[in-house]
Amino acid sequence: MTDTTPTNVQKSAPSRAQPGPTAAGSSPADATERSESPVVQLGQHPAATHLIAHLSDTHFLGTASDGSGRLLYDAVDTDSTVHRAMAQLEASGLPIDALVFTGDIADRGEPDAYRRVRDIVEASTARMGAELVWVMGNHDERQAFRTELLRVEAHDAPVDAVIDLNGLRLVTLDTTVPGYHHGEITAGQLAWLAEVLSEPAEHGSLLALHHPPVPTALPLMTILELREQAALAAVLAGTDVRAILGGHLHYATTGLFAGIPVSVAAATCYTIDVAAPPRQLTGVDGGQSINLVHVYADQVVHSTVPLGAFDVVTRFDPAYLARMEALSAPDRLEAFSRHTV
Ligand SMILES: [Fe+2]
Ligand SMILES: [Fe+2]
C-alpha cells in the first residue's frame with residue numbers, strides 16, 4: 001500500500017463584497033461586473049449559497065515553436081475552448097466562488113502545457129475573485145502538476161486537498177494510478193478521507209475527483225473506470241458529502257453513487273460521442289461545455305453551459321427584471337406568466 005501524503009491545503013475563499021441593489025437600466029457593459037443577488041426573492045427557493053464553475057479535461061499539449069499549443073490529435077485547438085470558457089465566465093459577472101478543474105489538465109504531463117493552461121486560467125480566475133482548484137487526472141503527472149499548477153515542491157504522493165469555500169468544504173481526491181489510465185483510491189487515501197469527513201462542515205461537502213463512480217455505457221471506458229468503488233461508498237456513507245464532481249468521460253452525465261448525486265462535466269478539449277454506434281469509442285471536436293454548480297441550502301443543482309458564441313434571439317434586460325421585482329406577486333404573474341397571444 002502506498003500511503004497518501006495529502007496536500008491538505010486549507011484555504012479560505014476570498015471574501016466577497018456584500019450584494020447590493022442592481023441599478024435599473026444597466027447597460028450590456030455592466031455584464032462584466034459581478035451580478036448581484038436578487039433584491040426580491042421571486043420563487044420558492046432562496047438564492048444559492050455558493051456557485052462553482054466545474055470544468056474538466058483540458059488536455060493541453062506542449063507549446064510549439066511559435067508559442068501556440070500543439071493540436072491534440074493534430075486537430076483540436078485545446079487552448080481556444082479554455083479561452084472561450086474563461087471569457088464566458090468572466091462576461092457572465094456571476095459570483096463564482098471557485099473554478100474546479102476535474103483532471104486531465106495536460107494530455108502528456110508536459111510542464112509547458114501546464115504553464116500555458118495555468119497562465120490562461122489563473123489570470124481570469126483572479127479577475128473573478130474566485131478560488132482555483134486543480135484535480136489530478138490519468139493524463140496528468142504529479143510532479144509537474146505540483147510544480148507548475150500548484151507551485152509547490154515536486155513529489156509523487158497523491159494530490160489530495162481540502163478547501164474551505166466560505167463554509168462549504170471541497171475535498172479533492174487523486175484517483176490516478178501512475179502509468180495507467182484507470183482509477184484507484186488507496187487505503188491510505190480512504191482513511192484520510194474518512195478522517196476529513198468525520199466532522200460535518202457548515203454547508204456540507206463536495207467531493208471532486210477525476211474518475212467518476214458511475215457506470216458508463218461505453219465498453220472501452222469501463223476498462224478505465226474507478227476500481228473498487230464499494231470501498232469509497234463505505235467511506236462516504238453517512239457523511240455530509242452532498243455531491244460528487246467528476247470528469248474523465250468527456251461527456252456530461254449524471255448518476256447516483258451511495259445515495260450521493262454525481263455530476264460529470266464534459267471536456268473542454270474534445271467530447272466523446274455517447275450516442276455513437278455500439279462498440280465504438282468516438283471523440284469529436286464539438287459539443288464542448290462546462291458546468292455551473294449552484295449550491296442551495298437543501299440541494300445542489302448542476303447545469304451545463306455550452307461553449308461557443310451563439311446568436312442572441314431573445315433577451316430581457318436587468319431593467320425589465322427590476323420592473324418585475326417592483327410588482328406584487330399576483331401582478332408579476334399577470335405581467336410575465338399570462339399568455340400574451
Ligand atoms: Fe480526459
Ligand atoms: Fe481521464
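Indexing begins at 1, ligand by ligand and atom by atom, following the structure's order. Below, each value reflects all heavy atoms present in this structure, side chains not excepted, and no hydrogens, waters or symmetry copies.
For Asp57, the N, O or S atom with the smallest separation from the Fe ion (ligand 1) is OD2.
Residues Asp107 and Leu72 meet the side-chain proximity criterion, which asks for heavy atoms closer than 4.5 Å.
With 2.8 Å as the limit, His250 does not count as an N, O or S neighbour of the Fe ion (ligand 2). Residue His210 does not count as close to the Fe ion (ligand 1), with no N, O or S atom under 2.8 Å. Coordination check, Asp104 versus the Fe ion (ligand 2): passed, since an N/O/S atom of the residue sits under 2.8 Å. Not one N/O/S atom of His139, from backbone or side chain, sits under 2.8 Å from the Fe ion (ligand 2).
A side-chain donor from one of His250 and Asp57 sits under 3.5 Å from a side-chain acceptor of the other. If you check the side chains of Thr147 and Tyr114, you find no donor sitting under 3.5 Å from an acceptor.
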From CA spacing to verdict: ring-ring contact (aromatic ring centres under 6.0 Å, His included), His302, His54: CA-CA 9 Å; His302 307 263; His54 175 196; 7.4 Å; no
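Taking the Fe ion (ligand 2) as the corner point, the angle from His248 atom ND1 to Asn138 atom OD1 is about 90° (rounded to 10 degrees).
Cluster annotation: Ile52 and Val301 are assigned to distinct hydrophobic clusters (Ile/Leu/Val/Met/Phe/Trp/Tyr, side-chain heavy-atom contacts under 4.5 Å, transitive).
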